[in-house]
Chemist: 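Can you read through this structure? Questions will come right after.
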Amino acid sequence: MAQEIPQVPDDSVFLSFREQCESTDGWVCSYNKADIGVWMKPSAGKTSLVHTVKGRMTFPDVSADTVYDVLHDTEYRKKWDINMIETKDIALLSANADVGYYSWKCPKPLKNRDVVTLRSWLVLPDSFMIINFSVKHKLYPPRKDLVRAVSLVAGYYIHSTGSNTCTLTYLAQVDPRGSLPKWVVNKSSKYLAPKILRKLHKACLQYPSWKNKNQPAFKPWLNPEQNTLPRMSLNELTLQRADSLELVDESNLCEGAEEKADNSDDD
């Protein structure tokens with residue numbers, strides 16, 4: 001099979017992503033509490049049985065600009081993302097695209113996961129978007145101690161609703177690989193989305209005071225001239241397909257993982 005070279009998303013890709021975030025067609029609500037909603041959409045193709053999950057939360061006390069900064073700031077993420085093992089911005093592809101590595105802890109006894117993604121972002125007058133998908137990087141091959149996950153699409157749509165209010169939509173179709181049954185993956189997603197949004201909201205509230213003490217003027221995601229990452233060509237990357245990765249047998253662990261999900265609704 002020929003290796004596919006990825007492309008940096010253009011405006012049409014971002015428009016399609018925003019339409020998915022705003023659409024109700026084909027989405028089934030699976031969680032609705034207070035200011036958080038979660039919807040699921042079954043996979044339309046045969047390439048993946050993993051559903052797409054969409055979570056939305058209203059932030060009544062955080063600006064869209066702050067949320068955008070928090071999602072970009074890898075140094076701050078090390079402070080608030082307790083599930084993170086490692087994160088690294090690897091290289092710059094263009095003024096609004098880079099390649100990064102991220103690994104995270106999974107509930108025991110499951111193996112921890114990692115992913116290599118091409119990430120791109122777009123700034124509009126009243127909103128921000130960040131999207132990513134999995135790629136292969138020769139210096140970051142799958143590791144024996146981690147399961148390499150695959151992001152088919154994942155991202156955030158941040159819509160400003162006032163000077164200090166916004167709505168954040170998180171949309172993702174991510175295959176964690178291993179041999180977890182897809183129904184376990186799909187069911188656990190509806191529990192994870194609210195937790196991700198609540199955790200992010202808390203981090204956003206604390207970000208301004210942290211940033212004021214940690215290079216307050218340094219925001220390379222807004223000021224490309226500040227970016228010191230090495231440049232790399234798209235030709236050095238290829239798309240990561242799920243079927244090209246080795247399966248890791250975790251089938252005997254599914255019952256425990258499922259029980260943890262059922263008991264972690266509002267944590």
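A quick note: this is a predicted structure, and the numbers were derived from the prediction, not measured.
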Chemist: Answer yes or no: is there a side-chain heavy-atom contact under 4.5 Å between M232 and V99?
Modeler: yes
Chemist: Strictly by salt bridge (charged side-chain N to carboxylate O under 4.0 Å, His left out), give each pair with a member in residues 202-225 just once, sequence neighbours left out.
Modeler: D69-K219, D73-K211
Chemist: I need the L171 CG to R56 CZ distance, nearest 0.5 Å.
Modeler: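 Separation between the atoms: 9.5 Å.
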Chemist: Quick one: OG on S94 to CG on L234, what's the gap to the nearest 0.5 Å?
Modeler: 8.0 Å
Chemist: Keeping to residues at least two apart or across chains, list the ring pair (Phe, Tyr, Trp, His ring centres under 6.0 Å) pairs with something in residues 111-151.
Modeler: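 Passing the test, one end in residues 111-151: Y68-F128, H72-W121, Y101-Y140, H137-Y140.
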Chemist: Taking S16 for the side chain and V13 for the main chain, is one N or O donor matched with an acceptor at less than 3.5 Å?
Modeler: no
Chemist: Can you confirm whether I131 sits close enough to P9 that some side-chain heavy atom of one is under 4.5 Å from a side-chain heavy atom of the other?
Modeler: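 Side chain of I131 against side chain of P9, heavy atoms only: contact under 4.5 Å found.
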Chemist: Go through the steps for Y156 and T169 under the test side chain to side chain contact (heavy atoms under 4.5 Å, CB included), then give the verdict.
Modeler: CA-CA 6 Å; Y156 298 91; T169 303; over 6 Å; no
Chemist: Report the C-alpha separation of F59 and T165 in whole Å, then their side-chain angles, then the decisive distance to 0.1 Å, and conclude whether the side chain to side chain contact (heavy atoms under 4.5 Å, CB included) test is met.
Modeler: CA-CA 6 Å; F59 287 13; T165 63; over 6 Å; no
Chemist: Locate the shortest heavy-atom distance separating P230 from I90; write the atom from each residue and the value.
Modeler: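 Residues P230 and I90, closest heavy atoms: CG-O, 3.6 Å.
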Chemist: Closest approach of D114 and S103, non-hydrogen atoms and distance?
Modeler: CB-CB, 3.6 Å
Chemist: Please report the shortest heavy-atom distance between F17 and G155, naming the atom on each side.
Modeler: CZ-C, 3.4 Å
Chemist: If hydrophobic clusters are built from ILVMFWY residues whose side chains come within less than 4.5 Å, do L122 and L15 share one?
Modeler: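 Cluster IDs for L122 and L15 differ.
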Chemist: Can you hop from V123 to F14 via hydrophobic side chains spaced under 4.5 Å?
Modeler: no
Chemist: Listed by chain and number, what are the ring pair (Phe, Tyr, Trp, His ring centres under 6.0 Å) partners of Y157, not counting sequence neighbours?
Modeler: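 For Y157 there are no ring pair (Phe, Tyr, Trp, His ring centres under 6.0 Å) partners, ignoring immediate neighbours.
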Chemist: Has K199 got a side-chain atom pairing as donor or acceptor with I82's backbone, closer than 3.5 angstrom?
Modeler: no
Chemist: May I have all residue pairs that pass salt bridge (charged side-chain N to carboxylate O under 4.0 Å, His left out) and include part of residues 6-19, sequence neighbours excluded?
Modeler: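 Residue pairs passing salt bridge (charged side-chain N to carboxylate O under 4.0 Å, His left out), neighbours aside: none found.
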Chemist: For a 4.5 angstrom cut-off between non-hydrogen side-chain atoms, does W27 reach K54?
Modeler: yes
Chemist: Does any part of the side chain of M57, heavy atoms only, come nearer than 4.5 Å to the side chain of D35, both counted from C-beta?
Modeler: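 When only atoms from C-beta onward are counted, M57 and D35 do touch, with a gap below 4.5 Å.
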Chemist: Side chains of W210 and E75, heavy atoms from C-beta outward: is any pair under 4.5 Å?
Modeler: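 Yes, close enough: below the 4.5 Å cut-off.
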Chemist: Is the backbone of C204 close enough, under 3.5 Å, to the side chain of T66 for a donor and an acceptor to pair up by distance?
Modeler: no
Chemist: Kindly compute the distance separating OG1 (T58) from CD1 (I36), expressed to the nearest 0.5 Å.
Modeler: 9.0 Å
Chemist: Using the test side-chain hydrogen bond (donor to acceptor under 3.5 Å, both in side chains), find all partners of H159 that sit at least two apart in sequence or belong to another chain.
Modeler: none
Chemist: Report yes or no: does D81 contribute a side-chain atom to a donor-acceptor pair with the main-chain N or O of R77 at less than 3.5 Å?
Modeler: no
Chemist: Grouping I, L, V, M, F, W and Y whenever their side-chain heavy atoms are under 4.5 Å apart, do V153 and I130 come out in a common cluster?
Modeler: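 As far as the 4.5 Å side-chain criterion goes, I130 and V153 are not connected within one cluster.
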Chemist: Quick one: do V28 and Y31 end up in the same hydrophobic cluster if we chain Ile, Leu, Val, Met, Phe, Trp and Tyr together by side-chain heavy atoms under 4.5 Å apart?
Modeler: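 No, V28 and Y31 fall in different hydrophobic clusters.
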Chemist: Mind checking whether V116 and L92 sit in one hydrophobic cluster, side chains of I, L, V, M, F, W, Y counted as touching below 4.5 Å?
Modeler: no
Chemist: Given the rule in the side chain to side chain contact (heavy atoms under 4.5 Å, CB included) test, do Q173 and H51 qualify, once you have shown the distances and angles that lead to the verdict?
Modeler: CA-CA 6 Å; Q173 187 182 20; H51 294 179; over 6 Å; no
Chemist: How far apart are the closest heavy atoms of M40 and S30, and which atoms are they?
Modeler: CG-OG, 3.6 Å
Chemist: Does anything in residues 93-107 form a salt bridge (charged side-chain N to carboxylate O under 4.0 Å, His left out)? List the pairs, not counting sequence neighbours.
Modeler: D98-R119
Chemist: If you measure from CZ on R148 to NZ on K111, what distance do you get to the nearest 0.5 Å?
Modeler: 12.5 Å
Chemist: Applying side-chain contact (heavy atoms from CB on, under 4.5 Å) between V38 and each of N32, L197, V53, report the one that passes.
Modeler: V53
Chemist: Please round to the nearest 0.5 Å and tell me the distance separating atom CG of L239 and atom CD of Q7.
Modeler: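 These two atoms lie 8.5 Å from each other.
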Chemist: Nearest 0.5 angstrom please: L71 CG to L200 CG, how far?
Modeler: 5.0 Å
Chemist: Is a side-chain N or O of S151 found less than 3.5 angstrom from the main chain of V174, in a donor-acceptor match?
Modeler: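 Here the side-chain-to-backbone pair does not exist.
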Chemist: Hey, does C166 have a side-chain heavy atom less than 4.5 Å from the side chain of V67?
Modeler: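 The answer is yes; the side chains approach within 4.5 Å.
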Chemist: Do side-chain atoms of R113 reach the backbone of P176 as a donor and acceptor pair under 3.5 angstrom?
Modeler: yes
Chemist: Could you check whether any side-chain heavy atom of V70 comes within less than 4.5 Å of a side-chain heavy atom of Y76, counting everything from C-beta outward?
Modeler: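 In contact.
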Chemist: Treating S209 as the side-chain partner and Q206 as the backbone partner, does any N or O pair qualify as donor plus acceptor under 3.5 Å?
Modeler: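 Present.
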Chemist: Determine whether Y102 and M84 satisfy the following criterion, side chain to side chain contact (heavy atoms under 4.5 Å, CB included), listing intermediate values before the conclusion.
Modeler: CA-CA 8 Å; Y102 178 77; M84 184 186 73; 3.3 Å; yes
Chemist: Taking the side chain as C-beta and beyond, is there a heavy-atom pair between L205 and V62 under 4.5 Å?
Modeler: yes
Chemist: Would you name the heavy atoms of A91 and L229 that are closest together and state the gap between them?
Modeler: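 Here A91 and L229 meet closest at C-CD1, 4.1 Å.
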Chemist: Mind listing the closest non-hydrogen atom pair of W39 and G37 along with its distance?
Modeler: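 In terms of heavy atoms, the two residues are closest at CZ3-O, 3.3 Å.
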Chemist: Tell me if a side-chain donor or acceptor on K88 pairs with a main-chain N or O of T74 at a distance below 3.5 Å.
Modeler: no
Chemist: So which of N112, V115, T87, L146 actually passes side-chain contact (heavy atoms from CB on, under 4.5 Å) with W104?
Modeler: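 Of N112, V115, T87, L146, side-chain contact (heavy atoms from CB on, under 4.5 Å) with W104 is met by V115 alone.
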